[in-house]
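Here is the naming used below: chain letters follow the sequence lines, and residue numbers restart at 1 for every chain.
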Amino acid sequence: MDKTYEPQSIEQQCYQRWESEGLFKAKGADAPTGNPYCILLPPPNVTGSLHMGHGFQQTIMDVLTRYHRMKGDNTLWQVGTDHAGIATQMVVERQLNAQGKTRHDLGREAFIDKIWEWKEHSGGTITSQMRRLGTSPDWDREVFTMDENLSKAVTEVFVKLHEDGLIYRGKRLVNWDPVLHTAVSDLEVLNEEEAGHMWHMRYPLADGSDSIVVATTRPETMLGDTAVAVHPDDERYQHLIGKEIKLPVTGRLIPIIADDYVDPEFGTGCVKITPAHDFNDYDMGKRHNLPMINIFTPDAKLNDEAPEAYQGMDRFDARKAIVAQLEQDGVLVKIDDHKLKVPRGDRTGAVIEPYLTDQWYVAIDELAKPAIEAVESGEIRFVPENWSKTYFQWMNNIQDWCISRQLWWGHRIPAWYDNNGNVYVGRTEEEVRAKHSLTADVELKQDEDVLDTWFSSALWPFATMGWPEKTPELETFVPSSVLVTGFDIIFFWVARMIMMTKRFTGKIPFKDIYITGLIRDESGDKMSKSKGNVLDPIDLIDGIDLESLVAKRTTGMMQPQLAAKIEKRTRKQFPEGIHAYGTDALRFTFAAMASTSRDINFDMGRVEGYRNFCNKIWNASRFVLMNTETEDTGRDGGELVLSLADKWIWAQFQQTLVEFEKAISEYRFDIAAQTVYEFTWNQFCDWYLELTKPVLNNDDATEAEKRGTRHTLINVLESLLRLLHPLMPFITETIWDRVAPLSTLEFKAGDSIMVQPFPTVDAAKQDEQVLSDIEWVKRFIVGIRNIRGEMDIAPSKPLPALLRNVSSEDERRLSISRTFIDRLARLESITVLKQGEEAPASAAAVVGEMEILIPMAGLIDKEAELARIAKAMGKLEQEVARFKGKLSNEKFVSNAPEAVIEKEKAKLADSESQLAKLKAQQETIAAL
RNA sequence: GGACGCUUAGCUCAGUUGGGAGAGCAUCGCCCUUACAAGGCGAGGGGCACUGGUUCAAGUCCAGUAGCGUCCACCA
């Protein structure tokens, strides 16, 4: 193996091999063995490219998938992409615009063809990037939400819901995006606080006897006013209720009405009512039977309901013009600054206009009820559990879902109209004609609208499994095991999948919902193009030089004026660009960051740390191979004598395995990552590999002993690679290919690590005695290293050691670990002092009751040793004081459980004994 | 207005039924010891946001305060 770990040189070839050998394939619905384990990939937009959130979530899904596959489960990671109606249409439309054309120039069919064409060429970005991440979904089952079979499911669901009376068409006020010319759902509207004004306008009474002042943030909507409302109990306006007002500018007469909705404290206590352009006014308009005057065209210009002077004017220009007119008429009382929430479309950023149109809706209450119960009953579980509250809060106040969109790209609504305005819903025109006995001479036109993208996404759990056909996959993989996703789409997607899957399969869509945190930048800001703090996972894998990174961050910006700032920031943060850390390091980082926290600040330092971890694994493996590849590892028989260290590393491995599996089962990938990191680096590399050297390089060791150690080296490493594989697929595969043939694992030549069984706990290797023996050895060695470190004694200088107060247990341990201690502590001799035997002036370390003495003569400075002892004593004195205080507290002694008190007593005794020893040392040395 | 979350070492974060404060990175020493300087060995560093309560015992449970943040709803 190369001396240095080079991720670039191993990753691509591994992946191609796995994919071409078909190793990601699920065993199939009717697999003879294995519990079904299924994960649904939240389908990314076809227009998308991989961002940090994808990388993070997909890493977690892949860890679970690989882990369960190795556990022998019938594992399916279902993959696919979403047609993303609005986003995709916008991408292709922008390309057309660049050629000076619009989609209307092409016409609907040609435009849709164009999108398909675009999808074939450019739609695969994200799936090829997923491959770079090492993800292992079953690519053969990859689906697209506009595929024929999924489209069929969409139609089926629509028709069935309509038959059941749960889909209806109605004229209502909707959120209208005047740029896209489509309705959008409540969820697609973002309300941001923005600075605006409050205009106070005086409306005169029709009879000229009085006037009333209304306040508004949208003066232009006065053209659509059909009433002014006051609170019924507001004494100021009692006498005006029922009278009429002459609306300025238009001269229309409108009534003054009374309604509880009005807050007398706010503004002037009088509200202008525009039922066709405000949701609250709409409700009030319905309560009072007010006319609804729509004053806007679909692109939010004034229509012919407005006075001629304003017709065709954009709404914001109209606002200025109206205000000017009001001022001129002397009815503008004042203008206040006012902060208000402005609704904007999440795709376009355009100010959303409440707009009166015909749309299709899903009546949601009947669907919501079983979906709420499924979570309440615990059948579906949120992880972390707390997110269920968010779910309930929304589900309990859920509104009917507007599902029609005035777009071209998407699932066309299966409804047909005749020339009399009758609507027929059915799977096809033929079905509609047959069902309603419509003869060929009745002209039918299909609804122009398409469905909300989330409508098809909602069917994901069962539509991907072949529904409405009765397939074995539906039986096997519904419900899926866990949904891994972000909290931002709990409403958009998760809730809707639960509703639809319950409705159409009677089953839940998934058992667990693991909600991941949101990846932010290092200082906690959301990553966004306009902030210039976006990291591309691929750049962390391959690296990127500074100039390319700057260019990437500053091109194609919505607000080019920010470019200079972003460039400065980027140059400061990445003076050398970004190093290539490789996929395994990035994946490990993602796993290690997946704690329960809902915001995750991405720290580049950690990627580097885990790249170093990869390097550590690489080099440790080189060491193991160096000692085993050309040696006898006992694979084909031969006596094996295991050293204390050999037994210990196996015992330690069992513990690690148990902890790892527990963490994975609880979706604590951070703990899982930490556990294997600690084992690999701090136990396996730092201790075990060092402990093998005294055996392997010892001429006195027997061949059986050496064979036992080599056997342990190669087999622990082999098992460790399998343990690590779900987290770091590439490096483990590459090394395993070399290691496995030397191990005792039985596998087919040429097989990949990813289809090997996950390590299982071997109870015979769990050994508490060995664990505590090595603990003792470690403390012994660290004690001496500590003296060396603080006394500036070269590590290479062999030292004599004297042991005082040695128990029989200490003697036993010493006898089985003598070679380890000699080598790792660099001792030239160990002398056990007899009871009462005089010792020379020494520096001391304490292991339990036993003292390790390093004679000072010629080595250790008296003052330095006194200082070292004083420091250690200081610590012990503090401890003793704390334990004594506790134990002398009458309340503690009489109330705390016996076990706790005993523990405290033992700790006190231990500290006191150590302290006494140090004190004696101190006196001896001070007297020199 | 409603709901939720966060505040622990210089930085980014763990701390699961209350029982002697942890990791990585950064910092400071010493070391090119034939797996690894992307490394080894050793060391320093914390009023656990604040106040009060429960308890023999609180980073952990309860109440409140402050600061930061997210989501939902919304007063024209």
Side-chain angles (χ1 to χ4, degrees), chain A residues 1 3-5 186-187 191 198 214-218 221 229 261-263 265-274 278-281 338 340-341 384 386-387 389-390 392-394 397 487-488 490-491 518 522-524 526 579 581 585 592-593 595-606 608-627 662-663 666 668 670-671 674 677-678 682 685-686 689-690 693 697 782 785-790 792-796 826 871 879 882-883 886 889-897 899-901 903-904 907 911:
Chain A
M1 299 202 331
K3 190 170 173 189
T4 314
Y5 164 64
D186 297 344
L187 288 175
N191 291 292
M198 179 88 88
V214 299
T216 181
T217 55
R218 298 198 57 193
T221 62
Y261 161 77
V262 180
D263 176 2
E265 305 294 317
F266 191 87
T268 60
C270 306
V271 190
K272 60 188 274 306
I273 303 301
T274 321
D278 180 282
F279 288 98
N280 290 310
D281 293 6
H338 183 70
L340 72 161
K341 291 282 176 95
N386 218 271
W387 287 108
K389 289 188 183 167
T390 305
F392 290 135
Q393 204 193 337
W394 189 68
N397 298 293
F487 57 82
D488 48 332
I490 289 179
F491 306 143
L518 189 74
E522 70 287 349
S523 50
K526 210 165 167 171
H579 296 289
Y581 297 113
M593 292 189 315
S595 66
T596 56
S597 148
R598 63 168 64 174
D599 292 309
I600 294 164
N601 297 355
F602 193 83
D603 180 5
M604 289 293 291
R606 293 188 70 170
E608 185 164 344
Y610 295 126
R611 190 274 318 263
N612 295 352
F613 179 54
C614 290
N615 190 47
K616 191 75 181 174
I617 294 170
W618 187 264
N619 283 302
S621 302
R622 282 178 57 232
F623 172 81
V624 173
L625 287 170
M626 219 174 266
N627 284 286
K662 177 168 182 281
E666 293 167 351
R668 287 303 302 269
D670 58 329
I671 294 176
Q674 196 192 340
Y677 181 96
E678 207 272 340
N682 304 118
C685 293
D686 287 349
L689 295 188
E690 294 308 318
K693 292 173 185 175
N697 303 337
V782 168
R785 282 179 181 167
N786 186 295
I787 292 172
R788 281 184 192 275
E790 298 205 17
D792 275 346
I793 302 171
S796 52
R826 284 275 175 134
K871 196 172 75 178
E879 281 181 17
R882 197 167 55 231
F883 299 143
K886 230 174 173 179
N889 182 345
E890 168 58 25
K891 286 177 178 170
F892 172 71
V893 179
S894 54
N895 285 307
V900 173
I901 296 173
K903 211 170 144 193
E904 291 296 312
K907 287 188 286 192
S911 297

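- Rounded to whole Å, atom P of B:A38 lies 17 Å from atom CH2 of A:Trp618.
- Taking the six-membered ring where tryptophan is involved, the planes of A:His338 and A:Phe266 are perpendicular, since the angle between them exceeds 60° and thus also 30°.
- Side-chain contact between A:Arg622 and A:Leu625 is absent, with no heavy atoms from C-beta onward closer than 4.5 Å.
- Summarising the geometry, the separation between CG on A:Asp599 and P on B:A14 is reported as 11 Å, rounded to the nearest angstrom.
- Between A:Lys903 atom NZ and B:C56 atom P there is a gap of 20 Å when expressed in whole angstrom units.
- Proximity of A:Lys341 to the phosphate of B:C74: no side-chain N or O atom is located under 4.0 Å from OP1 or OP2.
- Comparing A:Val900 and A:Asp792 against RNA chain B, the residue whose closest nucleotide sits nearer the 5' end is A:Val900.
- For the C1' atoms, the distance from B:A49 to B:A35 is 46 Å, rounded to whole Å.
- Here B:C71 sits opposite B:G2 as a Watson-Crick or G-U wobble pair (both hydrogen-bonding atom distances under 3.5 Å).
- A gap of 31 Å separates the C1' atoms of B:C41 and B:C48, to the nearest Å.
- Pairing partner, B:A58: none, since no Watson-Crick or wobble contact has both distances short of 3.5 Å.
- B:A9 makes up no base pair with any nucleotide shown, lacking Watson-Crick or G-U wobble contacts both under 3.5 Å.
- For B:A38, neither phosphate oxygen OP1 nor OP2 lies less than 4.0 angstrom from any side-chain nitrogen or oxygen of A:His579.
- OP1 and OP2 of B:C72 both lie 4.0 Å or more from every side-chain N or O belonging to A:Asn397.
- Below 30°, between 30° and 60°, or above 60°: for A:Tyr677 and A:Tyr610 the angle between ring planes is above 60°, a perpendicular geometry.
- No engagement by A:Glu608 is indicated, since no non-hydrogen atom pair under 4.0 Å with the nucleic acid exists.
- Both A:Arg668 and A:Glu690 lie close to RNA chain B; mapped to their nearest nucleotides by heavy-atom distance, the more 5′-ward contact belongs to A:Arg668.
- The separation between A:Arg882 atom CZ and B:C56 atom C1' is 16 Å, rounded to whole Å.
- Residue A:Asn612 has a polar side-chain atom (N or O) positioned under 4.0 Å from OP1 or OP2 of B:G39.
- B:U34: no Watson-Crick or G-U partner with both key distances under 3.5 Å is found in any strand.
- The residue A:Tyr5 sits close to a base: some heavy atom pair falls under 4.0 Å.
- Remark: A:Arg788 is not in phosphate contact with B:G29, judged by side-chain N or O atoms under 4.0 Å from OP1 or OP2.
- When Watson-Crick and G-U wobble pairs are counted only if both distances are under 3.5 Å, B:C50 pairs with B:G64.
- For A:Ser595, a side-chain nitrogen or oxygen approaches OP1 or OP2 of B:A14 to under 4.0 Å.
- No side-chain heavy atom of A:Val271 sits less than 4.5 Å from a side-chain heavy atom of A:Asp263.
- For the OP1/OP2 pair of B:A35 and a distance below 4.0 Å, the side-chain nitrogens and oxygens of A:Asn627 include no atom meeting the criterion.
- The phosphate of B:C36 (OP1 or OP2) has a side-chain N or O of A:Lys3 nearer than 4.0 angstrom.
- A close approach under 4.0 Å does occur between a side-chain nitrogen or oxygen of A:Lys616 and OP1 or OP2 of B:G40.
- Checking the phosphate oxygens (OP1, OP2) of B:U16, no side-chain nitrogen or oxygen of A:Lys662 falls inside 4.0 Å.
- The partner of B:A43 is B:U27, by the rule that a Watson-Crick or G-U pair needs both atom distances under 3.5 Å.
- A 3.5 Å limit on both hydrogen-bonding distances identifies no Watson-Crick or G-U partner for B:G20.
- Among the protein residues, A:Arg785 comes within range of the sugar-phosphate backbone only, with heavy atoms under 4.0 Å from sugar or phosphate atoms but none that close to a base.
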Requested in this report: May I have the step-by-step check of side-chain contact (heavy atoms from CB on, under 4.5 Å) for A:Phe487 and A:Thr390, ending in yes or no?
Outcome: CA-CA 9 Å; A:Phe487 57 82; A:Thr390 305; over 6 Å; no

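- Contact annotation for A:Asn615: base contact, defined as any heavy-atom pair under 4.0 Å involving a base atom.
- Residue contacts shown for A:Leu625 are absent, as no nucleic acid heavy atom lies under 4.0 Å away.
- Nucleic acid contact for A:Asp686: sugar-phosphate only, since backbone atoms but no base atoms lie under 4.0 Å from a heavy atom of the residue.
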Using a cut-off of under 3.5 Å, enumerate the N/O to N/O pairs linking the protein to nucleotides 3-9 of chain B.
from, atom 1, to, atom 2, distance (Å)
B:C4, O3', A:Asn386, OD1, 2.9
B:C4, O2', A:Arg598, NH2, 2.5
B:G5, OP1, A:Asn386, ND2, 3.1
B:G5, O4', A:Arg598, NH2, 3.3

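- As judged by a 4.0 angstrom heavy-atom cut-off over every strand, A:Cys270 is placed among residues making no nucleic acid contact.
- Among B:C56, B:C13, B:C71, the nucleotide with an atom closest to any side-chain atom of A:Arg606 is B:C13.
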